[in-house]
Peer 1: 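Pasting a structure below so you can have a look.
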Amino acid sequence: MDNQLKEIFGAWLAAIGTVTAAVGSTPFRSLGSSFRKDLSLIGNELQAVGNALEADGQGEENLEKVGNELQSVGNVTVISGLVIDFDDITQQKLIISGNWIQALGGAAALGDEFQDTSNINEIYNIIGNLLQVIGNSLQALSGINELKKNYIENKETSEKKQDNNNTIWSLDVTGSWIQAVGSVISLIGQIQEESEEQSNEDKETDPKDSDEKQDNEA
């Protein structure tokens with residue numbers, strides 16, 4: 001598998017993974033909590049593999065490669081919080097850390113995109129990475145709020161607890177879907193960027209082929 005194909009395939013996996021995880025984080029009445037947890041797990045696994053493929057497809061060391069590597073590590077950290085039988089607080093801390101690492105990775109990739117603004121297709125990658133940073137940050141903040149709620153010793157009224165839960169859910173769900181939209185936009189940008197690079201390579205090889213044909217005819 002060549003590097004361009006790795007990057008595109010990785011971007012596809014990451015986009016599918018973020019959408020799957022977003023569905024898993026949304027409290028649909030028709031989906032049970034265990035099934036939604038499975039969706040979140042599968043989504044993060046797809047993201048981890050997709051980001052790793054994108055990093056591998058970069059070849060040379062740059063901020064975008066480092067960013068994809070960090071995002072993959074962040075997804076693995078979230079997976080650890082979902083599957084390993086730790087206490088609830090430790091699991092929550094792992095998920096929070098994983099989201100922050102993903103946000104850091106998205107910021108690193110975003111910095112790389114700003115270095116090359118000559119390509120109009122970079123705007124998709126810039127917007128996509130920015131949305132993913134915002135989405136992961138909101139998810140991390142949601143986890144922090146949940147952690148703080150667990151630490152509260154003074155009991156609140158049931159009405160206030162319900163209000164807090166709604167706020168936490170809205171942050172997590174909103175962050176998940178913002179990340180999903182950003183990942184899809186990044187996928188579009190990646191496809192267009194790789195297509196343009198391939199087109200430029202074809203243009204560079206065409207004159208050489210025509211010269212060889214003329215030499216053979218001569």
Side-chain angles (χ1 to χ4, degrees), residues 7-55 67-106 109 128-147 149-150 162 164-188 190-191:
E7 288 192 71
I8 293 175
F9 184 57
W12 267 107
L13 287 179
I16 294 171
T18 53
V19 173
T20 303
V23 173
S25 70
T26 308
F28 292 116
R29 293 182 179 178
S30 57
L31 303 178
S33 59
S34 60
F35 181 67
R36 286 192 288 105
K37 184 177 180 180
D38 290 340
L39 286 178
S40 296
L41 179 60
I42 293 170
N44 277 282
E45 289 172 346
L46 288 173
Q47 290 176 65
V49 175
N51 287 320
L53 280 174
E54 287 188 87
N68 285 321
E69 289 171 343
L70 284 172
Q71 287 177 315
S72 184
V73 170
N75 286 121
V76 172
T77 306
V78 172
I79 292 168
S80 300
L82 291 172
V83 300
I84 299 179
D85 190 20
F86 292 127
D87 59 89
D88 291 341
I89 292 178
T90 302
Q91 288 180 334
Q92 195 63 40
K93 285 181 177 179
L94 281 171
I95 294 172
I96 293 169
S97 299
N99 282 314
W100 280 129
I101 293 171
Q102 288 180 69
L104 179 61
N129 281 308
L130 181 60
L131 288 175
Q132 289 183 76
V133 170
I134 294 171
N136 284 126
S137 299
L138 287 176
Q139 288 175 279
L141 290 173
S142 173
I144 292 172
N145 287 340
E146 175 69 22
L147 203 59
K149 187 174 73 72
N150 292 334
Q162 184 64 40
N164 286 339
N165 287 334
N166 288 337
T167 303
I168 291 167
W169 271 117
S170 63
L171 271 179
D172 186 44
V173 174
T174 302
S176 297
W177 283 107
I178 288 175
Q179 183 191 1
V181 172
S183 184
V184 172
I185 293 174
S186 292
L187 169 63
I188 295 171
Q190 190 69 50
I191 292 173

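This chain uses plain numbering: 1 for the first residue, then up along the sequence.
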Peer 1: Flag the pair V23 / W177 as yes when at least one side-chain heavy-atom distance between them is below 4.5 Å, and no otherwise.
Peer 2: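 Yes, close enough: below the 4.5 Å cut-off.
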Peer 1: Looking only at heavy atoms, which two atoms of L138 and G175 are closest? And how far apart?
Peer 2: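 That closest heavy-atom pairing would be CB-CA, 3.8 Å.
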Peer 1: With sequence neighbours left out, what residues match D88 under side-chain contact (heavy atoms from CB on, under 4.5 Å)?
Peer 2: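 side-chain contact (heavy atoms from CB on, under 4.5 Å) list for D88, sorted by chain: Q91.
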Peer 1: Can any side-chain N or O of S137 pair as donor or acceptor with the backbone N or O of V133 at less than 3.5 Å?
Peer 2: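 Pair found, side chain donor or acceptor close to backbone of V133.
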Peer 1: Please report the shortest heavy-atom distance between I144 and I96, naming the atom on each side.
Peer 2: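 Looking at all heavy atoms of both residues, the shortest contact is N-CD1, 3.5 Å.
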Peer 1: Working to the nearest 0.5 Å, report the span between OG1 of T174 and CD of Q139.
Peer 2: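 Interatomic distance, T174 OG1 to Q139 CD, rounded to 0.5 Å: 10.0 Å.
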Peer 1: With no hydrogens and no angle check, do the side chains of Q102 and Q179 hold a donor and an acceptor under 3.5 Å apart?
Peer 2: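 Yes, side-chain donor-acceptor contact under 3.5 Å.
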Peer 1: So, taking the atom named CD1 in I95 and the one named OG1 in T90, what distance separates them when rounded to the nearest 0.5 Å?
Peer 2: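 One finds 11.0 Å between CD1 of I95 and OG1 of T90.
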Peer 1: Within the 3.5 Å criterion, strictly below it, is a donor on Q47 or Q71 matched to an acceptor on the partner's side chain?
Peer 2: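 Side-chain D/A pair, Q47 to Q71: absent.
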Peer 1: Mind checking the OG1-CG spacing from T20 to L13? Nearest 0.5 Å is all I need.
Peer 2: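 One finds 10.5 Å between OG1 of T20 and CG of L13.
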Peer 1: How far does NZ of K93 sit from CG of L147, to the nearest 0.5 angstrom?
Peer 2: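 Between K93 NZ and L147 CG, I get 6.5 Å after rounding to 0.5 Å.
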Peer 1: Minimum heavy-atom separation for V83 to L41, with atom names?
Peer 2: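 The pair with the smallest heavy-atom distance is CG1-CD1, 3.4 Å.
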Peer 1: Is there a donor-acceptor pair under 3.5 Å between the side chain of S186 and the backbone N or O of G182?
Peer 2: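 Yes, S186 side chain to G182 backbone: donor-acceptor pair under 3.5 Å.
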Peer 1: Looking at OG of S183 and CD1 of I178, how far apart are the two atoms once the value is rounded to the nearest 0.5 Å?
Peer 2: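 Nearest 0.5 Å value for the OG-CD1 distance: 13.5 Å.
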Peer 1: Is the shortest side-chain heavy-atom distance between S40 and V78 below 4.5 Å?
Peer 2: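 Answer no - side chains too far apart.
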Peer 1: Please give me the minimum heavy-atom distance between Q92 and G143, naming the atom from each residue.
Peer 2: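 Nearest heavy atoms, Q92 then G143: NE2-CA, 3.3 Å.
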Peer 1: Over all heavy atoms of both residues, which pair between G128 and I185 is shortest? Give the atoms and the distance, please.
Peer 2: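 Looks like N-CG2, 3.9 Å.
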Peer 1: Testing the basics here: between L70 and I101, what is the closest heavy-atom pair and its distance to 0.1 Å?
Peer 2: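 Looking at all heavy atoms of both residues, the shortest contact is O-CG2, 3.1 Å.
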Peer 1: Return the CG to CG distance between N136 and L141, rounded to the nearest 0.5 Å.
Peer 2: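 Answer rounded to 0.5 Å: 11.0 Å.
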Peer 1: According to side-chain contact (heavy atoms from CB on, under 4.5 Å), who are the partners of F35, at least two apart in sequence or on a separate chain?
Peer 2: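 Expected list: L31, L39.
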Peer 1: Keeping the roles fixed (side chain from T18, backbone from A15), state whether a donor-acceptor pair exists under 3.5 Å.
Peer 2: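 Yes; judged by distance alone, with no hydrogens or angles, the pair exists.
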